[in-house]
Amino acid sequence: MKPVPDRPLNVLGGTLLACSDDPVTGFFRDGHCNTCDADLGRHTVCAVMTAEFLAFQKYVGNDLSTPRPEWDFPGLKPGDQWCVVAARFLQAHDEGCAPRVRLEATHIRALEVVPLDVLQQYAL
């Protein structure tokens, strides 16, 4: 049975806006940071990639910059928007290299991991 996305609400309580269609992001690859219980990582934070964040992610074992054609993943570059794992975002915050986020495109379930005041510090 195919997973069904949770209700598309953002961290501000409004309708979840698209994060990116180029490259196409999201657990469901629908351009939104939609999630469900099958999304164990909670790909819920719409982040704008920076060279520092991409380097940090690679360092901690989450290489987002290298293309992976077998997964139809183009590899990310600074300026790309991507639905990142909430815990990875919080880890980057703790290490001082978190990227900017789009609150309107960040799923409300990100708040299960990242406090709203932390997300607001990085809001565009």
Side-chain angles (χ1 to χ4, degrees):
M1 176 179 252
K2 188 174 179 178
V4 176
D6 288 352
R7 193 164 169 220
L9 294 175
N10 66 41
V11 294
L12 303 174
T15 301
L16 185 68
L17 300 183
C19 182
S20 177
D21 288 325
D22 185 21
V24 178
T25 190
F27 177 76
F28 292 93
R29 289 299 190 265
D30 61 1
H32 293 72
C33 296
N34 283 312
T35 192
C36 67
D37 288 339
D39 177 11
L40 301 179
R42 294 284 181 256
H43 296 78
T44 52
V45 178
C46 181
V48 180
M49 298 298 101
T50 63
E52 185 181 30
F53 179 75
L54 290 168
F56 177 71
Q57 290 302 290
K58 190 171 188 176
Y59 173 76
V60 297
N62 185 32
D63 184 359
L64 298 174
S65 55
T66 301
R68 299 296 301 260
E70 68 273 22
W71 296 336
D72 199 26
F73 179 69
L76 303 176
K77 61 189 180 315
D80 286 343
Q81 296 184 151
W82 196 252
C83 296
V84 300
V85 170
R88 294 283 188 172
F89 174 84
L90 187 59
Q91 181 183 26
H93 161 72
D94 291 343
E95 295 295 327
C97 60
R100 306 293 281 179
V101 299
R102 292 189 46 231
L103 297 178
E104 299 84 357
T106 296
H107 198 280
I108 196 165
R109 288 194 70 183
L111 298 178
E112 295 172 1
V113 178
V114 185
L116 181 58
D117 66 313
V118 171
L119 290 169
Q120 288 173 325
Q121 292 176 38
Y122 301 94
L124 287 173

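Numbers here are sequence positions counted from 1.
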Can you pull the salt bridge (charged side-chain N to carboxylate O under 4.0 Å, His left out) pairs that have at least one residue in residues 92-102, sequence neighbours excluded? none
Taking every non-hydrogen atom, the tightest pair across A105 and C46: O-CB, 3.4 Å
Do V101 and W82 share a hydrophobic cluster, counting only Ile, Leu, Val, Met, Phe, Trp and Tyr and linking them when any side-chain heavy atoms are less than 4.5 Å apart? yes
Checking D37 against R42 for the side chain to side chain contact (heavy atoms under 4.5 Å, CB included) test, could you report, in this order, the C-alpha distance in whole Å, the side-chain angles of both residues, the deciding distance, and whether it holds? CA-CA 8 Å; D37 288 339; R42 294 284 181 256; 3.5 Å; yes
Would you list the pairs meeting disulfide (SG to SG under 2.5 Å) in which at least one residue belongs to residues 68-114, sequence neighbours left out? C33-C83
Would F56 end up clustered with M49 when hydrophobic side chains under 4.5 Å apart are linked, directly or stepwise? no
Can you name the residues that form a side-chain contact (heavy atoms from CB on, under 4.5 Å) with A55, not counting sequence neighbours? none
Using every non-hydrogen atom in the two residues, find where V48 and G79 come nearest and quote the distance to one decimal. CG1-O, 3.9 Å
Check for me, please, whether L9 and V45 land in the same ILVMFWY cluster - side-chain distances under 4.5 Å, paths through other members count. yes
Does D6 have any salt bridge (Lys or Arg N to Asp or Glu O under 4.0 Å) partners at least two apart in sequence or in another chain, and if so, which? R109
With P74 via side-chain contact (heavy atoms from CB on, under 4.5 Å) - residues at least two apart: P23
Do other residues, nucleotides or ligands put more than 12 heavy atoms under 6.0 Å from the CG atom of D117? yes
Residues that A87 engages under side-chain contact (heavy atoms from CB on, under 4.5 Å), provided they are two or more places apart: V85, V113
Return each pair, listed once, that meets side chain to side chain donor-acceptor pair (under 3.5 Å) where at least one residue sits in residues 12-24; pairs must be two or more places apart or across chains. none
Could you see if V24 belongs to whatever hydrophobic cluster contains L16? Use Ile, Leu, Val, Met, Phe, Trp, Tyr and a side-chain cutoff under 4.5 Å. no
Residues 52-71 vs side chain to side chain donor-acceptor pair (under 3.5 Å), sequence neighbours excluded, gives Q57-N62, D63-S65, D63-T66, R68-E70
Would a single hydrophobic cluster contain both L90 and L54, if residues Ile, Leu, Val, Met, Phe, Trp and Tyr are joined by side-chain heavy-atom contacts under 4.5 Å? yes
When rounded to the nearest 0.5 angstrom, what distance separates CG in N34 from OG1 in T25? 10.5 Å
Please list, chain by chain and in numerical order, all residues satisfying salt bridge (Lys or Arg N to Asp or Glu O under 4.0 Å) with D39, sequence neighbours excluded. none
Selection residues 93-124 - residue pairs positive for ring pair (Phe, Tyr, Trp, His ring centres under 6.0 Å), sequence neighbours left out: F89-Y122, H93-Y122
Any pair counted as ring pair (Phe, Tyr, Trp, His ring centres under 6.0 Å), so long as it reaches residues 6-30, sequence neighbours left out: none
Sequence neighbours excluded, the answer for side-chain contact (heavy atoms from CB on, under 4.5 Å) partners of L111 is V11, I108, L116, L119
